[in-house]
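Following: one structure in structure tokens, then a few remarks.
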Protein chains: 2
Amino acid sequence: MLAVMEIDAADLDGPTIGQVSDRVGLSPDTLRWYERIGLLEAVPRDAAGQRRYRALDLDRLELLIKMRATGMPLTEMHDYVALIHAGPASRRDRLTLLETHRQRTLDRMAALQRDLVVIDRKIDRYRNLLEHDDAQHHPG
Amino acid sequence: MLAVMEIDAADLDGPTIGQVSDRVGLSPDTLRWYERIGLLEAVPRDAAGQRRYRALDLDRLELLIKMRATGMPLTEMHDYVALIHAGPASRRDRLTLLETHRQRTLDRMAALQRDLVVIDRKIDRYRNLLEHDDAQHHPG
DNA sequence: ATTTGCTCTGGAGTGAGCTCCAGGGGGCAT
DNA sequence: ATGCCCCCTGGAGCTCACTCCAGAGCAAAT
């Protein structure tokens with residue numbers, strides 16, 4: 001109750017950077033780099049100065065990874081994190097950011113489907129051509 | 001019939017690079033760069049030395065653009081073009097390349113959908129939180 | 001005691017995919 | 001004939017998202 005910002009003993013048994021790396025599929029370098037650029041702030045260090053990720057950090061990381069995987073640029077992820085720092089008053093803005101990104105992702109998926117049509121057409125043309133070839137090679 | 005590789009008069013009234021740029025949405029710089037790296041070979045030049053794109057070039061470009069839009073790396077697009085140069089015998093390989101890319105794209109779309117679930121969950125949590133806030137601000 | 005293996009920091013390097021620029025030219029409108 | 005606009009080439013520069021490295025520390029295993 002007195003030491004509000006003290007290191008909690010529970011912080012010291014979380015996974016190390018290597019374990020997190022294996023778990024989430026980002027390299028240790030990338031994890032450290034995310035911290036450097038402020039996507040993941042101040043992961044607590046143990047007595048030896050090594051990172052120990054808390055459940056909190058891992059939760060944040062999970063969302064960040066899905067944001068990246070759906071193509072959100074790091075700058076926008078940074079904006080999102082900045083909103084978190086701004087406190088509960090920014091929740092509406094965070095929601096808007098996520099909703100915008102969600103829609104953008106749906107739009108991109110639709111575009112992918114449209115773009116695939118052109119490729120599918122080309123695939124069909126090759127299949128037809130090759131059928132022809134087969135007919136020539138195995139007549140009768 | 002004698003001059004097999006001569007410039008065809010029909011080549012000289014195709015669109016210029018600026019017109020193609022407007023039409024397909026790639027910058028003139030990008031169009032020139034695609035040519036430089038061999039994705040689009042030797043677009044014919046008119047008397048003034050300016051590019052005049054043929055229907056052939058535009059068709060190729062359309063496919064290239066859809067390949068890019070669906071995330072194919074330039075190196076692989078280059079492989080595809082190399083197969084074209086290799087002649088009709090490479091058609092089976094071209095088909096395979098396109099089919100592989102098609103499947104990869106479908107897989108990526110499925111992954112996007114899965115990744116969105118995590119973001120959707122977060123959106124829901126914010127919506128619930130904000131409903132709560134509204135209830136507090138407009139009690140009764 | 002030393003080797004092995006993980007970690008640390010800060011800074012430099014990399015690769016993909018463009019994008020910009022200098023220096024120049026053709027062709028048309030005023 | 002003077003702009004103006006678009007085009008040319010070759011090369012340099014840029015952004016993004018990592019990735020690597022040097023030089024060091026700690027800790028368990030041999």
Side-chain angles (χ1 to χ4, degrees), chain A residues 7 11-54 57 61 63-81 101 104 108 115, chain B residues 7 11-54 57 61 63-81 101 104 108 115:
Chain A
I7 294 169
D11 292 356
L12 298 176
D13 62 356
T16 64
I17 201 167
Q19 290 164 341
V20 173
S21 172
D22 290 345
R23 194 179 297 182
V24 306
L26 296 182
S27 74
D29 270 319
T30 300
L31 288 169
R32 282 190 282 257
W33 180 63
Y34 275 15
E35 198 176 326
R36 261 204 254 185
I37 64 175
L39 291 183
L40 215 57
E41 71 267 46
V43 175
R45 315 295 151 114
D46 64 17
Q50 303 193 177
R51 288 169 181 77
R52 295 303 187 140
Y53 289 78
R54 295 160 295 179
D57 300 314
L61 199 49
L63 184 62
L64 291 175
I65 286 170
K66 298 310 181 186
M67 285 167 153
R68 274 302 295 134
T70 49
M72 186 184 285
L74 293 187
T75 54
E76 200 169 329
M77 286 164 58
H78 200 274
D79 292 347
Y80 178 79
V81 170
H101 178 62
R104 204 202 292 141
R108 276 193 41 253
D115 294 340
Chain B
I7 293 168
D11 291 356
L12 297 177
D13 62 355
T16 65
I17 200 167
Q19 289 164 341
V20 173
S21 171
D22 290 345
R23 195 180 296 183
V24 306
L26 296 182
S27 75
D29 270 320
T30 300
L31 287 170
R32 281 189 282 257
W33 180 64
Y34 274 15
E35 200 177 327
R36 260 202 254 184
I37 65 176
L39 291 183
L40 215 56
E41 72 267 45
V43 174
R45 314 296 150 114
D46 65 16
Q50 302 191 180
R51 287 170 181 78
R52 295 301 189 142
Y53 288 78
R54 295 160 297 178
D57 300 314
L61 200 47
L63 184 62
L64 290 176
I65 286 170
K66 298 311 182 186
M67 284 166 153
R68 273 302 295 135
T70 49
M72 187 186 285
L74 294 186
T75 53
E76 201 170 329
M77 287 164 59
H78 201 273
D79 293 347
Y80 178 78
V81 171
H101 179 61
R104 205 203 291 142
R108 275 192 42 252
D115 294 341

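In what follows, chains are A, B, ... by sequence order, proteins preceding strands, each numbered from 1.
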Handout entry: salt bridge (charged side-chain N to carboxylate O under 4.0 Å, His left out) partners of residues 15-30 of chain B, not counting sequence neighbours, each pair once
Key = B:D29-B:R32
Completion exercise
All heavy atoms of A:S21 vs all of A:S27, minimum pair found to be OG-CA, 3.7 Å
Problem - A:E41 side chain vs A:G38 backbone, donor-acceptor pair below 3.5 Å - result: no
Problem - Over all atoms of both residues, closest heavy-atom pair of B:I17 and B:P28 - result: CD1-O, 3.6 Å
Exercise for the section: Could you pull out all residues at least two apart from A:D79 that satisfy side chain to side chain donor-acceptor pair (under 3.5 Å)? Expected result: none
Handout entry: side chain to side chain contact (heavy atoms under 4.5 Å, CB included) between B:L74 and B:W33, intermediate numbers included
Key = CA-CA 11 Å; B:L74 294 186; B:W33 180 64; 3.0 Å; yes
Completion exercise
side chain to side chain donor-acceptor pair (under 3.5 Å) filter on A:E76, not counting sequence neighbours, yields A:R104
Handout entry: Donor-acceptor pair, side chain of B:R52 and main chain of B:P44, under 3.5 angstrom
Key = no
Fill in the blank from the handout: In short, the helix from C:dA1-D:dT30 to C:dT30-D:dA1 is bent end to end, axes from five pairs each side, to 10°, by 10°
Pairs under 3.5 angstrom only: tabulate donor-acceptor contacts from the side chains of residues 63-70 of chain A to other protein residues two or more places apart or in another chain.
unit_1, atom_1, unit_2, atom_2, d
A:K66, NZ, B:D115, OD1, 3.4
A:R68, NH1, A:M72, O, 2.8
A:T70, OG1, A:K66, O, 2.7
A:T70, OG1, A:M67, O, 2.9
A:T70, OG1, A:H101, NE2, 2.7

Completion exercise
Readout for nucleotides 25-30 of chain D: B = base within 4.0 Å of protein heavy atom, S = sugar-phosphate only, - = neither; 5' to 3' it is ------
Problem - For DNA chain D, the residues among residues 15-24 of chain B that have a non-hydrogen atom under 4.0 Å from it - result: B:T16, B:I17, B:G18
Handout entry: Residue-phosphate contact under 4.0 Å: B:R52 side-chain N/O, D:dC6 OP1/OP2
Key = no
Completion exercise
The salt bridge (charged side-chain N to carboxylate O under 4.0 Å, His left out) partners of B:E35 (sequence neighbours excluded) come to B:R45, B:R51
Exercise for the section: Kindly compute the distance separating CG (A:L31) from CG (A:L40), expressed to the nearest 0.5 Å. Expected result: 7.5 Å
Problem - Where chain A begins and ends its contact with DNA chain C, read 5' to 3' at 4.0 Å from heavy atoms - result: C:dT7 to C:dG11
Considering only nitrogen or oxygen atoms on both sides, find all protein atoms under 3.5 Å from nucleotides 12-22 of chain D and state each distance.
unit_1, atom_1, unit_2, atom_2, d
D:dA17, OP2, A:L74, N, 3.3
D:dC18, OP2, A:Y34, OH, 3.1
D:dC18, OP2, A:R68, NE, 3.0
D:dC20, N4, A:D29, OD1, 3.3

Fill in the blank from the handout: In this structure, CG of A:L61 is separated from CG of A:L39 (nearest 0.5 Å) by 9.5 Å
Fill in the blank from the handout: side chain to side chain donor-acceptor pair (under 3.5 Å) filter on B:Y34, not counting sequence neighbours, yields none
Problem - side chain to side chain donor-acceptor pair (under 3.5 Å) involving B:R108 - partner list, sequence neighbours excluded - result: none
